[in-house]
Amino acid sequence: MSLRIYLMRHGEVLNGDKEHYNGHIDIDITSNGLQQMHRLADILAEKNISIVYSSDLLRTVKGAKIIAERTNAPFVPLRELRERSVGKWEGFTVEEIKDRFPAEYSAWQADLLNYRPQGGENVIDVQNRILPVFKRLVASHANQEIAMMLHGGINRVILADILGIHPLNLFRIEQSFGALNIIDYREDGAPVVTLLNG
């Protein structure tokens, strides 16, 4: 099997001046975010994209539709590909979480992998949700090029799994707004990250 995946992060969001934990909040992207999506569309325009996947949240759907239109590929949004839910923390920055929920913040810092904010997911939950879906999509597109417009946290989980990076080190993988990563699955089925945060 050979396969190329163009794994992207959505464009800048409306509260992108600071890094908020937007989670499942359906926030829109900015005009700059739209420009970032058109830049990616320019890069992928001449590629032989078979299909474009995204989560079902607006910030990924907008970019995925732009890519799909430019590449004449079908577009499929999947709820399972949403960003990590952080429950009652959604919409806040780290500093705001620290101020509003000091005890919970301390518990989170003491156990980054397993702590689950009220109503949300922990890192293990996200791995268990995302990786089976990602691997199923990989297996169903042998010898194709596919595009995925996802979220910073979700991309990090996928990339960390491929690179064998411990999930405690997820944030050693940068994923800027409008990031492009390329993952090649070679003939032996082994994945290689050939571009990171491009």
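Put simply, CE on Met148 and CG on Leu81 are 7.0 Å apart, with the number rounded to the nearest 0.5 Å. Note that CZ of Phe75 is 11.0 Å distant from CD1 of Ile66, once rounded to the nearest 0.5 Å. The structure places OH of Tyr53 at 7.0 Å from CG of Leu78, a figure rounded to the nearest 0.5 Å. Here the straight-line distance linking atom NZ of Lys135 with atom CD1 of Ile158 works out to 10.5 Å at 0.5 Å rounding. How far CG of Leu159 is from CD1 of Ile165: 8.0 Å, rounded to the nearest 0.5 Å. With values rounded to the nearest 0.5 angstrom, Leu57 atom CG is found 5.0 Å from Asp26 atom CG.
Between the side chains of Asn197 and Glu174, no donor N or O sits under 3.5 Å from an acceptor N or O. In this structure, a donor-acceptor pair under 3.5 Å is present between the side chains of Glu145 and Tyr6. Tyr185 and His141 share no side-chain donor-acceptor pair at under 3.5 Å.
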Could you check Leu150 against His10 for side-chain contact (heavy atoms from CB on, under 4.5 Å), going step by step and ending with a plain yes or no? CA-CA 6 Å; Leu150 303 179; His10 61 77; over 6 Å; no

From CA spacing to verdict: side-chain contact (heavy atoms from CB on, under 4.5 Å), Met8, Thr60: CA-CA 9 Å; Met8 299 166 283; Thr60 60; over 6 Å; no

Go through the steps to decide whether Asp161 and Arg156 satisfy the test salt bridge (charged side-chain N to carboxylate O under 4.0 Å, His left out), and finish with yes or no. CA-CA 8 Å; Asp161 182 67; Arg156 288 183 178 99; over 6 Å; no

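Judged purely by atom type and a 3.5 angstrom limit, Asp184 has no side-chain atom pairing as donor or acceptor with the backbone of Val192. Between the side chain of Glu80 and the backbone N or O of Val133 there is no donor-acceptor pair closer than 3.5 Å. In terms of modelled atom types and a separation under 3.5 Å, the side chain of Arg84 and the main chain of Glu121 share a donor-acceptor contact. A donor-acceptor distance shorter than 3.5 angstrom exists from the side chain of Asn181 to the backbone of Leu7, with no hydrogens or angles considered. Under the 3.5 Å distance criterion, the side-chain polar atoms of Glu69 are left unmatched by any main-chain donor or acceptor of Lys65. A donor-acceptor pair under 3.5 Å is formed between the side chain of Arg39 and the backbone N or O of Gly178. Formation of a donor-acceptor pair under 3.5 Å by the Asn143 side chain with backbone atoms of Ser2 is found in this model. Between the side chain of Asp125 and the main chain of Asn122, a donor-acceptor pair closer than 3.5 Å is present. Of the possible polar contacts, none joining the Arg9 side chain to the His151 backbone as a donor-acceptor pair under 3.5 Å is found. Within the 3.5 Å criterion, the main-chain N or O of Ala179 finds no donor-acceptor partner in the side chain of Ser176.
Summarising the geometry of Val61 relative to Ser55, their closest heavy-atom pair is CG2-O, 3.4 Å, with the distance given to 0.1 Å. Between Ile29 and Gly11, the closest heavy-atom pair is CG2-O, 3.5 Å. Looking at every heavy atom in both residues, Glu96 comes nearest to Gly91 through OE1-O, 4.2 Å. In this structure, Ile67 and Val52 approach most closely via the heavy-atom pair CG2-CG2, 4.0 Å. Across all non-hydrogen atoms, the minimal contact from Pro74 to Ser50 is CD-O, 3.2 Å. Minimum heavy-atom separation, Ser85 to Gly119: OG-O, 3.6 Å.
When hydrophobic clusters are built by joining Ile, Leu, Val, Met, Phe, Trp and Tyr residues whose side-chain heavy atoms come closer than 4.5 Å, directly or via intermediates, Leu180 is not grouped with Val138. Placement of Phe101 and Tyr115 within a single hydrophobic cluster is found when ILVMFWY residues are connected by side-chain heavy-atom separations under 4.5 Å, directly or transitively. Placement of Ile43 and Met149 within a single hydrophobic cluster is found when ILVMFWY residues are connected by side-chain heavy-atom separations under 4.5 Å, directly or transitively. Ile173 is not connected to Ile182 by any chain of hydrophobic side-chain contacts under 4.5 Å among Ile, Leu, Val, Met, Phe, Trp and Tyr, and they are in different clusters. Ile27 and Phe177 fall within the same hydrophobic cluster, where Ile, Leu, Val, Met, Phe, Trp and Tyr residues are linked whenever their side-chain heavy atoms come under 4.5 Å apart, directly or through other members.
Considering only heavy atoms from C-beta on, Gln175 comes within 4.5 Å of Leu196 through its side chain. Two residues are said to be in side-chain contact when any heavy atoms from C-beta on lie closer than 4.5 Å; Asn32 and Leu34 fail this criterion. Taking 4.5 Å as the limit, some side-chain heavy atom of Ile154 sits within range of a side-chain heavy atom of Arg129. Residues Glu90 and Asn22 form no side-chain contact, since every pair of their non-hydrogen atoms from C-beta on lies 4.5 Å or further apart. Between Arg70 and Asp42 the shortest side-chain heavy-atom distance falls below 4.5 Å. Within the 4.5 Å cutoff, side-chain heavy atoms of Asp56 are placed close to those of Arg82. Within the 4.5 Å cutoff, no side-chain heavy atoms of Ile49 are placed close to those of Ile146. Residues Leu112 and Leu168 meet the side-chain proximity criterion, which asks for heavy atoms closer than 4.5 Å.
Screening Lys98, Gln109, Lys88 against Glu104 for a side chain to side chain donor-acceptor pair (under 3.5 Å) leaves a single residue, Lys88. Checking Thr194, Leu163, Ile5 one by one against Ile183, the side chain to side chain contact (heavy atoms under 4.5 Å, CB included) holds for a single residue, Ile5.
A salt bridge does not link Asp111 with Arg116: none of the charged nitrogens is closer than 4.0 Å to a carboxylate oxygen. A salt bridge does not link Glu83 with Arg59: none of the charged nitrogens is closer than 4.0 Å to a carboxylate oxygen.
Between Trp89 and Phe92, a ring centre-to-centre spacing not shorter than 6.0 Å is recorded.
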